[in-house]
Novice: 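Just passing along the structure, written as structure tokens.
Given the structure is predicted, the values throughout are model-derived calculations rather than measurements. The chains referred to below are lettered A, B, ... by the order of the sequence lines, with proteins before strands, and numbering in each begins at 1.
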Amino acid sequence: MSMPLRQVVVLSGKGGTGKTTMTAGFACYAGKQVIADCDVDASNLSLLLQGEVRSSTPFIGGLKAWIDPDRCSRCGKCEEHCRFSAIKDLKVDSMACEGCGVCHIVCPSGAVELSEAVSGDIFVRDTPYGTVVDADMLPGEPNSGKLAARVRAVAREEAMLQGASLVLVDGPPGTGCPVISSITGTDLAIIVTEPTVSGGHDLSRVVDLADHFGIPCAIIINKHDLNPAQSEDIERECARREITIVGRLPFDELVGEAIINGQPLPVYAPGSPAEIALRDTWENIMALLDRTPPGGLVRLKGL
Amino acid sequence: MLWIAVASGKGGTGKTTVAVNLALAIEEDVQFLDCDVEGANAHIFLRPQINSVRPVGVLSPRIDIDRCNGCGKCADACRFSALVKVKNRIKVIPNLCHGCGGCQLVCPTGALVLESRRVGAVSEGFAGEMAFASGELDVGQALSVPIIRELKALAGGRDHTIIDCPPGTSCPVVEAVQGCDRCLMVTEPTPFGLHDLKIMTKVLDRMGIPAAIIINRDRGPYRPLEEFCERSGIPVLLRIPFDRRIAELYSRGEVLVDNYPGFRESMVQLFEEVRA
């Protein structure tokens, strides 16, 4: 019997807590896996994992409206009905247009055309640490949630083809659209936080999000020694909510150096304090995943 | 009157630190809008007194079963798959709805009722003399743009408006930055910071908003970033040193203008340069 495909997502709430650094490290420890970088607004994982682009596919995020000035009767109905203020002086602002097509519906003279718009590219890369699927979104485009969902779908297909047993997802910060696309249907969410008041505040929001979608979660406290009192608060809160802490990483200058050198921490600084803690963390995550029942059925609570 | 946005592309580069301390250093009347509605943190540092909290909703369809004839025109018109026809019944999936109202326009029997559905809230109050407002997206909701739009509608009531933006480079950031006179991009001297700064630069370029750069956690020149700044011609208005003391103050939710020597002067000077 083949192993079921497991999916683990790395999230944070607050940005800059170390999601990508950790995901890149995990990629070095894991065996056969596919990695999906779902932070499509700011995809940084390939800056560490490098590798060669094997394929690139344009991503059609949706439709964009265009008003043909020759056919336009200047009645202004489109402008009146657009709820996204995307039409001004009978011209479409392509950044504000969400492609709903209401202008097309209300136009009495058939002057509005809707066409598919490319809003980014999806890449499949072969790296020394496994296949990475990521995307470049065109700057300022909407539909980052749809693109994140597509990146995950491509990563799953790759994993099936390769017979890999794990998809590791590097998620975006926050709790909105692309985060929801990254977390739904995963088996386990790993939430990276830091011992700051802000980090604690945003952590509790993502834990709530995981609960909302019925996804089990575990916590990593990065730079835990930066503010011991704040770390204790987070530990207490985790104990209260019965959430496992799978890792505590020390503040380590080598982590920043590894990023500047464009290498995953286990490659740049094996045996450093943060690297040893990261390896333990990964072992804890794998042990936890073994005890977690497959969440293959997406729980559509809230949808 | 100036609207100044503080944005970054990459998360955790120090947007809130710059926005909060800049707002505190400006002598004139200031309004602060925390538009990072998925992780609003400015209140931790500004400790405002909140006087009102009001819900923010988006229009979302409900089907009046008595009137619906099950034709499915609404489901065909919806570009976001928020309406699905299942065996002559229409099902609504609220989280996918963008609130465009197209379904109501095409329904031949008037069976679609648009109702406000809560996605979050906006809080308003004061931090000392400073007018303060922040938004919060409800956990489990996908759309942060309507909340940011609501916050932005408050802008302009004071001499100056400081807007703390969400991370990223997609629609929430565009909404937050829209209409600003200047955008301060906070970055850090790493490949991640630079990569995301470049994308943010393109967003602002596309929108025609003048940009400036602030380098945080500066630990001596990082060549690729310096080269980008030179090549792009975008001015670097401030460098904040890499200092564990700053990280510790931040971790406790304390502001730098009152606790880190010279920071208030740096912020005053930053404001003068932005204004110039």
Side-chain angles (χ1 to χ4, degrees), chain A residues 12-17 20 39-44 47 62-63 81-84 95-96 98-102 105-106 137 139-145 172-180 194-199 201-202 205 208-209 212-213 223 226-227 230 251 256 259-260 262 302-303, chain B residues 8-13 16 36-39 41 44 59 77-80 93-96 98-102 105-106 137 139-145 166-174 188-192 195-196 199-203 205-207 219 222 244 247-248 250-253:
Chain A
S12 72
K14 184 172 153 31
T17 56
T20 301
D39 189 1
V40 295
D41 284 29
S43 63
N44 288 329
L47 295 172
L63 303 171
H81 280 90
C82 177
R83 295 204 199 260
F84 309 106
M95 268 171 117
E98 302 205 6
C100 68
V102 160
I105 294 171
V106 299
M137 203 182 55
E141 281 293 312
N143 289 318
S144 57
T175 59
C177 192
V179 180
I180 291 174
E194 57 180 30
T196 65
V197 185
S198 307
H201 173 260
D202 295 348
R205 283 179 55 86
D208 290 344
L209 186 77
H212 182 90
F213 288 106
K223 304 178 190 165
L226 184 69
N227 182 339
Q230 194 63 41
F251 180 87
I259 294 171
I260 287 175
L303 274 181
Chain B
S8 73
K10 175 167 162 34
T13 57
T16 301
D36 186 3
V37 303
E38 295 179 38
N41 288 326
I44 292 169
L59 287 178
C78 180
R79 311 277 177 187
F80 309 107
I93 306 168
N95 228 345
L96 296 178
H98 286 218
C100 71
L105 289 168
V106 298
L137 178 70
V139 166
Q141 292 295 333
L143 298 178
S144 51
V145 169
T169 53
S170 60
C171 39
V173 180
V174 171
E188 55 181 37
T190 67
F192 293 179
H195 175 264
D196 302 344
I199 304 174
M200 194 58 216
T201 303
K202 287 186 192 154
V203 173
D205 201 38
R206 218 176 141 184
M207 298 177 72
R219 48 205 318 183
Y222 170 59
R244 196 177 160 121
E248 283 169 357
Y250 175 87
S251 78
R252 295 198 298 267

Novice: When only pairs under 4.5 Å are counted, which of A:N44, A:T175, A:T196, A:V197 shares the most heavy-atom pairs with chain B?
Specialist: A:N44
Novice: Among A:D202, A:N143, A:V102, which has the most heavy-atom pairs under 4.5 Å with chain B?
Specialist: A:D202
Novice: So for B:L137, is it side chain, backbone, both, or neither that comes closer than 4.5 Å to the heavy atoms of chain A?
Specialist: both
Novice: Do you know which of B:R219, B:H98, B:M200 has the most heavy-atom pairs under 4.5 Å to chain A?
Specialist: B:H98
Novice: Quick one: what part of A:L209 sits under 4.5 Å from any heavy atom of chain B, side chain, backbone, both or neither?
Specialist: both
Novice: Against chain B, work out which of A:G176, A:P142, A:G174 has the most heavy-atom pairs shorter than 4.5 Å and name it.
Specialist: A:G176
Novice: CE of A:M137 to OG of B:S170: how many Å apart, nearest 0.5 Å?
Specialist: 4.5 Å
Novice: Considering only heavy atoms, which portion of A:S144 lies under 4.5 Å from any heavy atom of chain B: side chain, backbone, both, or neither?
Specialist: side chain
Novice: Please state whether the side chain, the backbone, both or neither of A:I259 comes within less than 4.5 Å of a heavy atom of chain B.
Specialist: both
Novice: May I ask you to decide if B:V139's main-chain N or O and A:R205's side chain share a donor-acceptor pair within less than 3.5 Å?
Specialist: no
Novice: Show the nearest heavy-atom pair for residues B:E248 and A:L226, with the distance to one decimal.
Specialist: CG-O, 3.9 Å
Novice: By a 4.5 Å heavy-atom criterion (distance strictly below it), what part of A:P195 contacts chain B: side chain, backbone, both, or neither?
Specialist: backbone
Novice: Does the B:R206 side chain pair with the main chain of A:P139, one donor and one acceptor, at a distance under 3.5 Å?
Specialist: yes
Novice: Top residue by heavy-atom pair count (under 4.5 Å) with chain A, among B:P172, B:C171, B:S144?
Specialist: B:C171
Novice: Contact part of A:V106 toward chain B, heavy-atom cut-off under 4.5 Å: side chain, backbone, both or neither?
Specialist: side chain
Novice: The criterion is side chain to side chain donor-acceptor pair (under 3.5 Å); which residues satisfy it with A:S43, sequence neighbours excluded?
Specialist: none
Novice: How many angstroms lie between CD in B:Q141 and CD1 in A:I180, if you round to the nearest 0.5 Å?
Specialist: 7.5 Å
Novice: Compare every heavy atom of B:P191 with every heavy atom of A:L47, then report the nearest pair and how far apart it is.
Specialist: CD1-O, 3.6 Å
Novice: Has B:T169 got a side-chain atom pairing as donor or acceptor with A:D41's backbone, closer than 3.5 angstrom?
Specialist: yes
Novice: With respect to chain A, which residue among B:I44, B:D36, B:I199 yields the maximal number of heavy-atom pairs within a distance under 4.5 Å?
Specialist: B:I44
Novice: Could you report the tightest heavy-atom contact between A:S198 and B:Y250, atom names first, then the distance?
Specialist: OG-OH, 3.1 Å
Novice: Applying ring pair (Phe, Tyr, Trp, His ring centres under 6.0 Å), name anything that partners B:Y222, two or more places apart in sequence or on another chain.
Specialist: none
Novice: Given that the side chain runs from C-beta out, which part of B:V173 has a heavy atom under 4.5 Å from chain A: side chain, backbone, both or neither?
Specialist: neither
Novice: Given heavy-atom pairs under 4.5 angstrom as the criterion, report whether the side chain, backbone, both or neither of B:P166 touches chain A.
Specialist: neither
Novice: For B:V37, which atoms come within 4.5 Å of any heavy atom of chain A: side chain, backbone, both, or neither?
Specialist: backbone
Novice: Where on A:Q230 is there a heavy atom nearer than 4.5 Å to chain B: the side chain, the backbone, both, or neither?
Specialist: side chain
Novice: Which pair of non-hydrogen atoms, one from B:A77 and one from A:I105, has the smallest distance, and what is that distance?
Specialist: CB-CD1, 4.3 Å
Novice: Below 4.5 Å from any heavy atom of chain A, which atoms of B:F80 appear? Answer side chain, backbone, both or neither.
Specialist: side chain
Novice: Distance-only, no hydrogens or angles: does the A:R83 side chain make a donor-acceptor pair with backbone N or O of B:G99 under 3.5 Å?
Specialist: yes
Novice: Below 4.5 Å, heavy-atom pairs only: which of B:T201, B:T190, B:L59, B:L105 has the largest tally toward chain A?
Specialist: B:L105
